[in-house]
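Written out below as structure tokens is the structure these notes cover.
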Amino acid sequence: ERFRSRTPQTNRDPGQPQLSWDTPEGWSEKPGTDMRLANFTFGEQNEGEVYVVRLQGGGGGLLANVNRWRGQMGLPPISEEDVASLPKKLLFGLEATYVSMDGTFTGMGTEPKENYRMLGLILSSDIGAVFVKMTGPRELVAENEEKFDEFCQSLGLGVPGQ
């Protein structure tokens, strides 16, 4: 089976919506953090990662976040018009902005990693800003792109007991 069972997020506030997902085969779930609601690694040496972050409000805005991610890949910023023309994909049934970029990845506190790819979805909505991000060596991410899309489509929100 391509996906393991649906996994609910361990929620700090039981009255708030909980995130659930289907974990793709070959991905290893890691504990969440204060920022990461879902956290995974993949690849022979766990060199690829996927995570989900939700922030209250707009999370800084779409343009700023796309350009922050571009900066992490060693790419120059793009304009508001360029961001508006990026492809869209559904996340929680809402239109999210999709990014795919190649470059030298310099994530938070990491050494530069050449020949990396980043895939991501950014959703700004009434529930806040949601970010789903995949990074890893270019070929490894390309091999997992379909799993990323399926993972994103499996994401759900629900309030326990309702």
Side-chain angles (χ1 to χ4, degrees), residues 1-56 59-60 62 65-66 68-70 72-73 86-103 105-111 113 115-162:
E1 182 175 309
R2 182 170 205 150
F3 289 94
R4 293 194 292 245
S5 63
R6 183 167 280 272
T7 306
Q9 163 203 359
T10 302
N11 203 327
R12 295 180 240 344
D13 184 349
Q16 293 298 309
Q18 289 187 344
L19 185 65
S20 63
W21 57 83
D22 294 330
T23 302
E25 184 179 325
W27 290 15
S28 298
E29 190 172 343
K30 296 174 60 178
T33 67
D34 286 342
M35 294 290 293
R36 294 181 179 190
L37 302 177
N39 200 18
F40 304 89
T41 58
F42 60 96
E44 288 184 22
Q45 288 128 14
N46 294 319
E47 62 272 41
E49 73 174 345
V50 175
Y51 60 86
V52 179
V53 171
R54 179 178 172 263
L55 300 175
Q56 298 294 326
L62 180 60
N65 282 297
V66 168
R68 180 175 50 83
W69 286 3
R70 288 181 62 80
Q72 290 174 354
M73 295 300 289
L86 289 172
K88 309 293 186 247
K89 292 189 177 190
L90 292 180
L91 183 62
F92 303 113
L94 302 170
E95 194 173 81
T97 299
Y98 176 73
V99 298
S100 175
M101 55 190 99
D102 295 337
F105 179 64
T106 53
M108 298 175 70
T110 64
E111 292 294 319
K113 298 174 183 174
N115 298 312
Y116 258 52
R117 176 168 288 168
M118 178 189 296
L119 303 179
L121 286 174
I122 300 173
L123 172 66
S124 296
S125 73
D126 294 342
I127 64 169
V130 179
F131 307 90
V132 186
K133 185 175 180 183
M134 173 187 267
T135 59
R138 183 178 302 149
E139 294 79 21
L140 181 62
V141 169
E143 291 167 9
N144 281 270
E145 188 168 355
E146 186 176 322
K147 290 180 182 181
F148 177 78
D149 288 340
E150 291 173 356
F151 169 74
C152 291
Q153 292 306 305
S154 80
L155 288 168
L157 283 176
V159 177
Q162 291 187 2

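Heavy atoms only: backbone and side chains are in, while hydrogens, waters and symmetry mates are out.
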Y51/M35 under side chain to side chain contact (heavy atoms under 4.5 Å, CB included): CA gap, chis, key distance, verdict: CA-CA 10 Å; Y51 60 86; M35 294 290 293; over 6 Å; no
Test log, rule side chain to side chain contact (heavy atoms under 4.5 Å, CB included), inputs E145 and L119: CA-CA 8 Å; E145 188 168 355; L119 303 179; 3.7 Å; yes
Audit row: L19, L157, side chain to side chain contact (heavy atoms under 4.5 Å, CB included) steps and yes/no: CA-CA 5 Å; L19 185 65; L157 283 176; 4.1 Å; yes
Worked verdict on V52 versus W21 for side chain to side chain contact (heavy atoms under 4.5 Å, CB included): CA-CA 11 Å; V52 179; W21 57 83; over 6 Å; no
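Using a 4.5 Å heavy-atom threshold, the side chains of L121 and K89 count as touching. A heavy-atom distance below 4.5 Å is found between the side chains of P137 and Y116.
Atom OG1 of T135 is separated from atom CD of E49 by 4.0 Å, given to the nearest 0.5 angstrom. Note: L90 CG to L123 CG = 10.0 Å, rounded to the nearest 0.5 Å. Atom CD of E29 and atom OG1 of T23 lie 5.0 Å apart (nearest 0.5 Å). Residue E25 holds its CD atom at 11.0 Å from CG of N144, rounded to the nearest 0.5 Å. With rounding to the nearest 0.5 Å, the separation of NZ in K133 from CZ in F148 is 10.5 Å. Put simply, CD on E47 and CG on L140 are 5.0 Å apart, with the number rounded to the nearest 0.5 Å.
Across all their heavy atoms, K88 and L86 have their closest contact at NZ-O, 3.1 Å. Minimum interatomic distance between N39 and P31 (heavy atoms only, all atoms of both residues): ND2-O, 3.3 Å. C152 and V132 get closest at one heavy-atom pair: SG-CG1, 3.6 Å. Nearest heavy atom pair, residue F92 against residue V130, reads CE1-CG1, 3.9 Å.
Between F40 and F151, the angle of the ring planes goes over 60°, which puts this pair in the perpendicular group of the 30/60° scheme.
With sequence neighbours excluded, the residues forming a salt bridge (charged side-chain N to carboxylate O under 4.0 Å, His left out) with D102 are R117, R138, listed by chain and number. Residues passing the side-chain contact (heavy atoms from CB on, under 4.5 Å) test with T106 are P112, sequence neighbours excluded.
Under a 3.5 Å cut-off, the side chain of N65 and the backbone N or O of I122 do not form any donor-acceptor pair.
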